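Note that the structure is predicted; figures quoted are calculated from it, not measured. Letters A, B, ... mirror the listed sequences (proteins, then strands); counts begin at 1.
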Amino acid sequence: MAKLTSRSDDYSKWYNELVVQADLAQHSDVKGCMVIKPYGFAIWEKMRDVLDGMFKETGHQNAYFPLFIPKSYMSKEAAHVEGFAKECAVVTHYRLMNDPNGKGVVVDPDARLEEELIVRPTSETIIWNTYKNWIQSYRDLPILVNQWANVVRWEMRTRLFLRTAEFLWQEGHTAHATKEEAVAETEQMLRVYADFAENWMAMPVVKGVKTESERFAGAEDTHCIEALMQDGKALQAGTSHFLGQNFAKAFDVKFQPKEGKMDYVWATSWGVSTRLMGALIMTHSDDKGLVLPPKLAPIHAVFVPIYKGDEQLAQIREKGEAICADLRKAGLTVKLDDDDSKRSGWKFAEYELKGVPVRIAMGPRDMENGTVEIARRDTGEKELVPLDKAAAHVAALMDEIQDKLVNKARTYRANHTTKVDDWDTFKDVLENKGGFIEAHWDGTPETEDKIKNETKATIRCIPYDSIEEQGKCVYTGNPSRRRVLFAKAY
RNA sequence: CGGGGCGUAGCGCAGUCCGGUUAGCGCACCUGGUUUGGGACCAGGGGGUCGCAGGUUCGAAUCCUGCCGCCCCGACCA
């Protein structure tokens, strides 16, 4: 196995190699699409299961809507079409035939669809077209539905997990009787995402609201969580949209309230995708490979025997199995790797590459002393632990590593968040230090656009916790009442 | 869509300029043996429509024409 490119040599190359070498995913033969391999999918499954539980706890139910959307639906909400039209895959035919001129098959020209179908880039349109028939009265509200699905956005440039033509995600779509309730739902789900990011992914995020130009196509407001990667670039890790009555009006979804006249329904939608995998990778991993927070690691600990001959292996394996059994009782997933075709050194490197949080090694010396060597992936520290304390020690390490990772990421973010009040410093910090920049902005899309064109930095969000203060726009000098968060972004 | 690179064994590549034994190397794989506290070693072995389609030639991975695909860098996006 080749050595990884180091992060300092070429961060982007490091990421690409890591994803492939750690066996998370690979490029498929289809342009822009990826194959998520079992080890990568195991992480995604954990994320999915935890999030799914959180959605259920907040009262949501899962459902499933079609992959295909009639073309005409897309055009019903003006801003929505405009946002997605450029990246839609379109189904025009429904049949193949043998090529009359030779080998292979061709599209049967007689099998043209009357109305072309769009492969969903997101499902607002088909869902709201469906909700129309589900909703008559306030008694039918709220509708709190989520779906786990794949979507397709025909991207020019793709990167494994971060941006692929097809990706997996969940999309929540809710319908409410009042604006207040819909706004509350939007904010609630953003808090769910932030909670997941920080407490499961060990990835600190900034909660905030997008500016008009970064808003979801068709939304009144887009709330987001923004994380900071190790190369100083920001990554949008989840979004929650307050859709107002835009889709209700576009699809004519009205309800009869308890009192008063028919009114349009209020909507939200919210989603996170396999992009979270990219965020997870880039938040914690190092030049040796993946570093995974224990709460999302498919394997918590691996036991590696070091031995000469079958007899010694049998003795060590017996001890190892006892430790593994204790750990399983404690709810951990453990692997005892007694594969004789690989040497211990190879296994050490391999499990480091794959980010297994803890490694337990035991050799003849340990057998004599009644110890095992316990190594943690995040710090690389090794210590000798008495056999009878091994399981408890490993179990305790899980919490410790989880905490350490989130604290390390918080420290990194704090060190890479800079308050800036003048334009030269802004450019300098962005160029030489990277990270988040807290600066005043005059609130106009024009200024935002100019800053973007000159520096590639965008406003990631207006943080929830930004305090009101008098200031001057870092670019125009015009008055501003709060700082916003700038960064170069993925 | 612009710029660059690449397509030869599962992966990574050499060979292509200047056509000529049976297309080669490393890793991986299979068999046997020796090894085993940080990516072992020896011996033997299997595996190829040289991206596709035409053409030139006695002869094409190599030359010509056309096509297809992918990766990287830019403009757009989760």
If I pick the P atom on B:A53 and the same atom on B:C6, what distance separates them, to the nearest angstrom?
23 Å

Minimum-distance nucleotide (side-chain atoms of A:Asp340 versus B:G37, B:U35, B:G38)
B:U35

Choose from B:A78, B:C77, B:G37 the nucleotide whose nearest atom is closest to any side-chain atom of A:Arg153.
B:A78

Answer for the Watson-Crick or wobble partner of B:A43, both distances under 3.5 Å, is B:U31

Euclidean distance for P, B:G20 against B:G74 (whole angstrom):
40 Å

Does a donor on one side chain and an acceptor on the other come within less than 3.5 Å for A:Asp339 and A:Ser341?
yes

Assign a letter to each nucleotide of nucleotides 69-75 of chain B from its 5' end: B, base within under 4.0 Å of a protein heavy atom; S, sugar-phosphate only; -, no contact.
-SSSSBB

Roughly how many Å apart are B:C64 and B:U57, using the C1' atom of each and rounding to a whole number?
12 Å

What I want to check is whether an N or O donor and acceptor connect the side chain of A:Arg343 with the base of B:G37 at under 3.5 Å.
no

A:Lys342 vs B:C29: side-chain N/O to OP1/OP2 distance below 4.0 Å:
yes

So which nucleotide from B:C77, B:A78, B:G37 ends up closest to the side chain of A:Arg275?
B:A78

Can you tell me, in whole Å, how much space there is between the P of B:U49 and that of B:U8?
11 Å

Could you check, using the six-membered ring where one of them is a Trp, whether A:Tyr131 and A:Phe247 have ring centers closer than 6.0 angstrom?
no

B:G15 versus B:U62 - spacing of their C1' atoms, nearest Å:
9 Å

Just checking A:Gln236: base, sugar-phosphate only, or nothing, at a heavy-atom cut-off of under 4.0 Å?
sugar-phosphate

Less than 6.0 angstrom separating the ring centers of A:Phe55 and A:Trp270, yes or no?
yes

Just by distance, with hydrogens left out, do A:Glu187 and A:Tyr464 show a side-chain donor and acceptor under 3.5 Å apart?
no

OP1 or OP2 of B:C76 less than 4.0 angstrom from a side-chain nitrogen or oxygen of A:Lys86, does that happen here?
no

Interatomic distance at P, B:C71 relative to B:C30, whole Å
30 Å

Between B:C52 and B:G45, how far is it from one C1' atom to the other, in whole Å?
33 Å

With no hydrogens and no angle check, do the side chains of A:Thr58 and A:Gln188 hold a donor and an acceptor under 3.5 Å apart?
no

Check for me whether the distance between the ring centres of A:Tyr351 and A:Phe303 falls short of 6.0 Å.
no

Above 12 or not: heavy atoms from other molecules or residues under 6.0 Å from NZ of A:Lys210?
yes

Whole-angstrom distance between B:C58 and B:G47, as gauged at atom C1'
32 Å

Please evaluate the base of B:G38 for a donor-acceptor partner in the side chain of A:Lys382 within a cut-off of under 3.5 Å?
yes

Is atom CD of A:Gln26 surrounded by more than 12 heavy atoms (other residues, nucleotides or ligands) closer than 6.0 Å?
yes

Closest approach to the side chain of A:Thr164, judged atom by atom: which nucleotide of B:G38, B:A78, B:C77 is it?
B:A78

Base-pairing assignment for B:C11 (Watson-Crick or G-U wobble, both under 3.5 Å)
B:G26

Where the side chain of A:Ala349 is concerned, which of B:U36, B:G39, B:A78 is the nearest nucleotide?
B:G39

Could you work out which one of B:A78, B:U35, B:G37 sits closest to the side chain of A:Phe167?
B:A78

